[in-house]
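Have a look at the structure below, then the notes.
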Amino acid sequence: MDIQTLLGHIQSYNPQADSARIRRAYDLAFAAHTGQMRSTGDPYITHCLEVTGILADMYLDEDTLIAALLHDVPEDTKVPLETIRSEFGDAVAKMVDGVTKLSGLRLGMEQTQAETLRKMFMAMAEEIRVVMIKLADRLHNMRTLYARPPEKQRKIARETMEIFAPLANRLGMYNIRRELEDLSLKHLEPDKFKEIEDLLADDKDDQQAYIQQAMTIVRERLAQEEIVPRYIGGRPKHIYSIYNKMVRKGRDFDQIYDIRAIRVIVENMRDCYVVLGIIHSLWTPIPGEFDDYIAKPKENLYQSLHTAVIGPAGKPMEVQIRTEDMHELAEFGIAAHWRYKEPGTKHDPAFEEKINWVRQVMEFRKDITDARVFVDSLKTDVFQDQVYAFTPKGDIIEMAMGATPIDFAYNVHTEVGNRCRGAKVNGKIVPLDYRLKTGDRVEVLTTKKGGPSRDWLNPSLGLVRTARAREKIRYYFKHQEREQAIAEGRALLEKELHKLGYDQRNLEELAKFFNYRAVDEFLEAIGHEDLSMQSVSVRLLEAERVKTPAVETPPPPPVLPKAPESTLTVAGVDNLLQQVAHCCNPLPGDQVIGYITRGRGITIHRRDCKNIVNVDTERERLIAIDWGKTDEKVYPVLVQVRAFDRAGLVHDISGIVMAEHVNMTSTSAVAGRKDRIAVITAMLEISSAAQLTRILNKIDRLPNVIEARRVTGSD
Ligand code: MN
């Protein structure tokens with residue numbers, strides 16, 4: 001394209017355009033970019049002309065076209081923005097500045113991309129034409145992408161697919177979106193793109209004949225009904241849309257309706273429905289393929305009737321029916337608003353209102369300052385079509401299309417979401433998988449207590465559709481799982497402490513002992529089995545020999561004046577073993593103290609044994625005791641088992657004890673009469689703490705056993 005052709009084209013749709021002014025903008029751009037080249041080898045000015053040409057094809061206004069010609073000037077040349085302002089005025093300067101700010105960002109990194117998008121939406125809120133120029137700029141860069149290095153191609157193509165094509169869709173600029181998507185696909189999936197292109201080419205003659213035939217049939221019937229269509233024709237192929245249907249929906253090429261598609265444009269809305277009726281009388285409609293976007297426009301303002309029928313020769317065919325205004329909007333979207341209108345034609349006031357509404361949505365997004373949060377909310381919510389529902393008070397809740405009452409509830413408040421059990425929409429109870437529609441008035445029915453159901457996260461049930469609600473539900477369960485682990489950990493620990501005769505242990509001290517900052521963390525670790533009960537027991541039993549946590553220590557043990565030199569080491573002194581006190585049966589590792597008896601030598605008690613604690617008159621008989629090395633020594637431990645009585649129980653217990661090569665020096669069993677609970681007491685010769693916990697755990701798991709525990713003096 002050259003400037004003369006461009007000026008001629010502009011004059012053809014806008015005779016009032018100031019050609020001299022546009023020419024001056026071109027001259028400025030030409031001079032500023034002199035010497036700069038595109039990667040295609042063309043002079044840079046070709047890019048400015050092409051971008052402006054894309055916008056002129058959309059019949060855009062003079063200022064937008066001038067800004068497009070100058071869009072790269074401040075960024076790439078020495079000509080400052082002020083020159084543009086003084087030459088072409090504020091409106092043009094503002095647009096050029098907006099485009100410059102958007103392009104100034106290096107794209108690619110995720111954070112930068114997020115930032116770009118955020119700025120784009122802000123620019124859009126202020127001046128939507130900035131975004132139109134940016135989209136035209138991107139479109140021309142995509143058309144010349146072949147000249148860039150391969151890795152750049154992929155990167156730019158992906159970015160276009162992820163950001164610019166959805167943005168064009170959001171603004172209803174279908175013609176731009178279609179081309180951006182096809183060009184991106186060509187670079188992202190070259191093989192697949194070629195395959196579809198070839199399929200379309202092979203089919204081309206058949207298709208053209210088919211569409212001609214269908215159009216003739218329609219035209220004849222319309223004439224009978226005295227309807228004069230403004231246009232009947234095929235519609236441009238959208239390879240990406242075909243690709244989507246083949247790859248994502250797994251349809252065969254032949255099963256894609258819009259490969260054969262016709263478009264009928266009529267004078268007014270009434271005729272749209274008349275034509276629809278005629279089409280459905282000519283051919284059988286395919287169930288589920290009819291969409292009335294006239295009654296319910298898409299959020300990007302798109303209006304049209306869509307249907308698919310079994311057309312001539314039994315082949316499926318898509319038909320789109322709309323008015324010229326609707327068509328203009330369908331192709332150009334928001335850009336239609338700035339199209340040159342003949343003097344005296346008024347803008348549609350409803351359209352003005354919708355534009356304002358789009359602005360407000362964009363304004364609202366300005367509040368989000370974190371670019372990442374912003375881009376997340378965009379990707380999941382804005383780039384899908386939106387649905388706007390109301391609370392009973394009339395507050396508007398904006399959600400992604402397909403949102404359910406649960407999504408709505410979580411949008412209102414997390415607690416409302418967690419306690420949601422049902423919903424009324426426009427006064428009627430609806431199921432929880434109901435898809436909300438714009439304008440729905442939603443009343444969430446809540447329960448007083450309780451939380452979400454795990455089913456809500458099951459995607460196949462379709463109960464929750466927005467990222468925000470899913471995140472909140474996940475958080476709830478994560479939190480709840482923690483609470484549950486803590487409760488389970490507490491139960492396990494208490495049971496084990498009881499089993500080992502440590503009922504009085506302080507949990508905070510224990511948590512610290514195991515290097516946890518808080519009791520909850522300690523209990524959670526046990527509950528999640530990150531910390532096994534077995535290792536807890538062993539370490540506790542063994543630790544007693546080194547140090548007893550302060551809280552567990554009974555009143556300060558009596559100390560003999562000559563304590564240091566009178567400490568007895570028990571290990572290796574065989575005869576002392578027989579003097580282990582029967583009242584508390586201390587175990588190696590337990591903190592102990594000796595009591596010098598009259599005539600029977602020293603008996604060893606646990607320090608917390610009540611017989612020792614209660615010694616008050618004969619404190620001089622107490623003596624500090626150290627277990628010393630305990631290897632290969634055995635110590636009597638009294639174990640008590642409570643169980644629902646059954647035959648062979650004692651035999652099973654003996655079996656476990658014998659398997660550990662432990663002697664059982666005495667056993668007694670008492671069977672309850674009424675409750676059939678047997679209490680079996682056994683004295684075991686234990687060699688280590690680990691061995692004791694192992695035996696207790698094994699007995700615990702025997703059928704009918706209620707509990708197996710060590711009996712100590714504190715019982
Ligand atoms: Mn550019």
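Both counts, for ligands and for their atoms, begin at 1 and track the order of listing.
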Looking only at heavy atoms, the pair that brings Y210 and P316 closest together is OH-O, 4.4 Å
Where do R435 and G462 come nearest, in terms of heavy atoms and distance?
NH1-O, 3.2 Å
When you check the side-chain N and O atoms of T144 and R38, is any donor under 3.5 Å from an acceptor?
yes
Please find the N/O/S atom of D72 nearest to the Mn ion (ligand 1) and write down its name.
OD2
Any N/O/S atom, backbone or side chain, of H47 lying under 2.8 Å from the Mn ion (ligand 1)?
yes
Taking backbone and side chain together, does C48 place any N/O/S atom at a distance below 2.8 Å from the Mn ion (ligand 1)?
no
The Mn ion (ligand 1) - closest N/O/S atom in D137
OD1
With no hydrogens and no angle check, is any side-chain donor or acceptor of D63 less than 3.5 Å from a backbone partner on V92?
no
